[in-house]
2 protein chains.
Amino acid sequence: MPARTASTRSSAPRVAPSIDVVILAPRERKLVVLLARGPAKSRERWQLPWRSLKPDETIDGEAVKLARKTLGTAPALVEQVAAFGDGRRHPSGAALSVAFLALIDADTSAGFKGDASWFAVNDLPPLPPRQRGMLEGVLTSLRARLDQGPIAFHLLPPTFTLTQLQEIYELLLGRRLHKASFRRSLHAAWLVEPTEEWRSEGRGRPAQLFRYAPKKRRGGRRGVRFGG
Amino acid sequence: MPARTASTRSSAPRVAPSIDVVILAPRERKLVVLLARGPAKSRERWQLPWRSLKPDETIDGEAVKLARKTLGTAPALVEQVAAFGDGRRHPSGAALSVAFLALIDADTSAGFKGDASWFAVNDLPPLPPRQRGMLEGVLTSLRARLDQGPIAFHLLPPTFTLTQLQEIYELLLGRRLHKASFRRSLHAAWLVEPTEEWRSEGRGRPAQLFRYAPKKRRGGRRGVRFGG
DNA sequence: ATGATTTAGTAGCGTGCTGCGACTAATTCA
DNA sequence: TGAATTAGTCGCAGCACGCTACTAAATCAT
């Protein structure tokens, strides 16, 4: 049921596929996404950063370049999520768009200066319809694969406290986790190792800093399973 | 920044994205994939079924049509897996290809008459390089999502014995499972219900037939976790 | 016919993982 | 100096998992 859209008359012109990137960072207990300004005349003033794919270009390479150009710095992770070729409208007019996920940590994102702006994913401005679907698809996929790979670590700086790590998981899962169970799972997964440093964050006992250091110990590496 | 329409000159010409479908069925304890004949002059004589995407077409719709046309009947499941736009060669010359997974059960696949042929996924003829990658990507994704959704059921007829179901899981996972544990997990997941029928399959005690009937019981539906 | 063989399905035990409440430890604030 | 706050650990109770061993119902061989 292809819904005819946008600037088309009898038969749509052939337009190159687009690459769209969903750049995420944690920010004040919320997940935020980086949106770029659209053309002034367009209905939606904000858009996911995108570009058209030229022949001979690889999608992964171009996605990394696009993320770096938009962000001014290289993200910790860039990963393809899915292709979107429903009939919905895309700013490029492309019949097909490929969605990418990009993650950076809070510290790096705080240093961002550029034309784009951060928005909480729970409180977004109107987006072009296909991009709205792409964003939702990326978030769903992110949550589903949380326990498959070390995704959460890419939202943190190189060293972090276990409470910080737990807060990232809670942010992505949308629910509270039990501290003791979380740490036990983490320990069993052999994903982090302690550093010598401790950080005093205002009140309370200082926390030890850890770094991401997966050990391929005997038995398949298990993801972090959640207590809570 | 988005380039114009049809074809460029000096570098590669612009070619519409392709839709490629990996049609799988269980067959004599092996997983088989349906391959179509390529053009006689081409290096690889066999290819994944594919077609070029025209503007205004939706990828999911076209994937279903392609699968149905190739197969002569509608598959039990058609699902997008990923986009492939590495530099590797594709028969269409497209810069970008989208891979789809399609599943049908053994009985239906046995009735297949057509130009294409079934090959065991462990013993394949040479394929165009990008399609080789797409096939591997689809298989990897299939195995990874086995415990997330009811994928296995789409490789079986509407009613089946629990031994048949277990064999499908063993086929996809590539290892033997323990009967009692498998059934316990299945029961806990509330995914099947017994019918009144029993099937006598040669020797031994007859087996009860079950049907796929997921119950959204209290607590999130767990996938089948594997014993043994 | 009857016992061997084959396949289906269940019972129950030990171990380990999970969820949770309650505890100790180290710091800041009044 | 003691209340409050945050970090980190202990250990129990219950459930899930892996496995062996059992019962059930059919066919095959003699």
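Everything quoted here is computed from the prediction, not taken from an experiment. Labels below follow one simple rule: chain letters A, B, ... track the order of the sequence lines, proteins then strands, and each chain is numbered from 1.
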Legend entry - B:Arg132: partners by side-chain hydrogen bond (donor to acceptor under 3.5 Å, both in side chains), with sequence neighbours left out: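 Counting only residues at least two positions away or on another chain, B:Arg132 forms no side-chain hydrogen bond (donor to acceptor under 3.5 Å, both in side chains).
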Whole Å only: how far is the [atom1] atom of [X] from the [atom2] atom of [N]?
X: A:Phe182; N: D:dC10; atom1: CZ; atom2: C1'; answer: 19 Å
X: A:Gln164; N: D:dG8; atom1: CD; atom2: P; answer: 11 Å
X: B:Arg199; N: D:dT27; atom1: CZ; atom2: P; answer: 15 Å
X: A:His187; N: C:dT18; atom1: NE2; atom2: C1'; answer: 16 Å
X: B:Arg176; N: D:dT20; atom1: CZ; atom2: P; answer: 14 Å

Legend entry - Atom CZ of A:Arg45 with >12 non-hydrogen neighbours under 6.0 angstrom: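 Open: at most 12 neighbouring heavy atoms sit under 6.0 Å from CZ of A:Arg45.
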Legend entry - Partner of B:Leu155 under side-chain contact (heavy atoms from CB on, under 4.5 Å), chosen from B:Leu142, B:Leu172, B:Leu165, B:Asp105: B:Leu172
Inset, instruction - Please determine which of B:Val192, B:Leu77, B:Ile168 meets the side-chain contact (heavy atoms from CB on, under 4.5 Å) test together with B:Phe153. - result: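 By the side-chain contact (heavy atoms from CB on, under 4.5 Å) criterion, B:Phe153 pairs with just one of B:Val192, B:Leu77, B:Ile168: B:Val192.
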Inset, instruction - Could you tell me whether B:Lys65 and B:Glu57 make a salt bridge, using a distance below 4.0 angstrom between a side-chain N and a carboxylate O? - result: no
Legend entry - Degree of bending in the helix from C:dA1-D:dT30 to C:dA30-D:dT1 once both end axes are built from five pairs, to 10°: 10°
Legend entry - Base-contact (B) and sugar-phosphate-only (S) positions in nucleotides 6-16 of chain C, heavy-atom cut-off under 4.0 Å, - elsewhere: BBBBBBB----
What I want to check is whether the side chains of [X] and [Y] have a donor and an acceptor closer together than 3.5 Å.
X: A:Arg27; Y: A:Ser109; answer: yes
X: A:Ser97; Y: A:Arg130; answer: yes
X: A:Asp20; Y: A:Ser18; answer: yes

